Amino acid sequence: VTSDDAQWLIPGIGLIDLHFQGVPHVIGAYVVPTDDGVALVEVGPSTTLPALRSGLDVLGFGLGDVRHLLVTHIHLDHAGATGLLLREAPQARVYVHEIGAPHLIDPTNLVRSATRIYGDAMETLWGAVVPVPAEQVTTVADGDVVRLGERELHVLYTPGHASHHVAYHDAQQRAVFTGDVAGIRIPPAANAFPPTPPPDIDIPRWHASIDQLRGLRPERLLLTHFGAVEEVDTHLAEVDRHLDEWVESIERLVRQGKERDAIVEWLESHVRAQMDAADSASLEPAFALATPYGMAVDGLLRYLRKRDEAR
Ligand SMILES: [Zn+2]
């Protein structure tokens, strides 16, 4: 492990690169030392537990020092390792939105729906998904304050990407742990894109959540995919814009009678063209790992179907 894999971003907030599928800058976990043990924001999937362990080691900690696991939502790339990790950090508490909590405690449905999406690749991508003991789970809701010794993180309910998504605001450091609601940016690429997997993409709620982030006037966004963004307003505006562009384009392609696979091809070439234009073509594979194009299209098609049914 080199120092690129685990570093202090600012005093009191460390970032570990989990090297998902051997690729840098795809999935990160944040380290927040407190006078009540180490807190992690996001833990990644079980397959990257060795990278989490060695990253903590670089920063001077072990998994046994971890007392708090805060997850923004339960998707496997953010929280898949939670149950397995607790075996090595038996004192730790897990913080998750109340809608997500039952699926950490009994991951049967979560694993079933992920298997529908990933099939044979499940084990390679995510590894084991182990139940989290209910007595170690603390549910959080909008406006809650998570006290970590003398440090505090404020909970913001930020649906749009997932119905149970929260962000954690560190007011003292003027930083927000944004999970997926502030989109994906693979550094050093300048492009920012939204991850839009099924099943509960909701575009108006997503925009409203981005507005909430903006309202905090943070100095930096801490993305899970990947790292710190200091050009906060430009970044959030680009995520907003891409959400609307993708929905409008996909609606048009559906009206033209295009099938799902043709729409996936469109999205892939659209993203590639923009990354090319920003001289970031080499980072496109990392982006596609963070949000596969087929999944992104399926999530948006499902959103459009649900929206039209509701009308
Ligand atoms: Zn997600």
Side-chain angles (χ1 to χ4, degrees), residues 18 20-21 23 25-30 40-48 69-82 94-104 107 109-118 121-122 125-127 129 132 140 155-168 176-186 192-203 205-207 209-210 212-213 221-227 229 236 239 242-243 246 267 271 286-303:
L18 297 177
F20 180 60
Q21 303 296 297
V23 179
H25 297 179
V26 179
I27 303 178
Y30 290 94
L40 296 177
V41 183
E42 312 285 47
V43 299
S46 296
T47 44
T48 56
L69 303 176
L70 296 90
V71 298
T72 60
H73 63 304
I74 61 165
H75 291 167
L76 295 175
D77 51 335
H78 295 252
T82 308
V94 176
Y95 303 83
V96 60
H97 187 264
E98 57 189 0
I99 301 173
H103 302 288
L104 287 185
N109 289 339
L110 179 66
V111 169
R112 188 185 302 127
S113 61
T115 304
R116 254 198 312 270
I117 296 173
Y118 298 104
M122 270 298 281
L125 289 170
W126 312 120
V129 182
V132 172
V140 295
V155 177
L156 266 90
Y157 179 50
T158 45
H161 168 82
S163 61
H164 62 281
H165 193 290
V166 296
Y168 297 98
V176 196
F177 300 95
T178 56
D180 280 346
V181 75
I184 297 176
R185 172 182 175 261
I186 308 295
F193 298 105
T196 60
D200 42 37
I201 298 303
D202 186 320
I203 303 297
R205 293 178 99 190
W206 197 329
H207 285 309
S209 294
I210 289 175
Q212 280 205 66
L213 297 180
L221 306 170
L222 303 173
L223 312 185
T224 306
H225 319 288
F226 176 93
V229 168
L236 293 177
V239 177
H242 280 137
L243 278 173
W246 290 11
L267 182 63
V271 168
F287 170 76
L289 260 182
T291 192
Y293 299 105
M295 212 171 72
V297 167
D298 290 342
L300 290 169
L301 287 173
R302 187 180 163 110
Y303 160 71

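Note that ligands are numbered from 1 as they come in the structure, with each ligand's atoms numbered from 1 the same way. If you're wondering where the values come from, they're calculated on a predicted model, not measured in any experiment. Along the sequence shown, the residues carry numbers beginning at 1.
- Using modelled atom types, no side-chain atom of His75 and backbone atom of Asp77 make a donor-acceptor pair closer than 3.5 Å.
- Every residue meeting the side-chain contact (heavy atoms from CB on, under 4.5 Å) condition with Val176, not counting sequence neighbours, appears here in chain and number order: Ala167, His169, Thr178, Leu213, Leu216, Pro218.
- Tyr30 pairs by the ring-ring contact (aromatic ring centres under 6.0 Å, His included) definition with Phe177, not counting sequence neighbours.
- Inter-residue side-chain proximity for Val229 and Leu223 is flagged as met; some heavy-atom pair is nearer than 4.5 Å.
- Listed by chain and residue number, nothing satisfies the salt bridge (Lys or Arg N to Asp or Glu O under 4.0 Å) test with Asp202 (two or more places apart in sequence, or in another chain).
- Between Trp206 and His161, the ring planes are perpendicular. Angles over 60° get that label, and only those under 30° would be called parallel.
- For the Zn ion (ligand 1), the tally of protein N/O/S atoms lying closer than 2.8 Å stands at 4.
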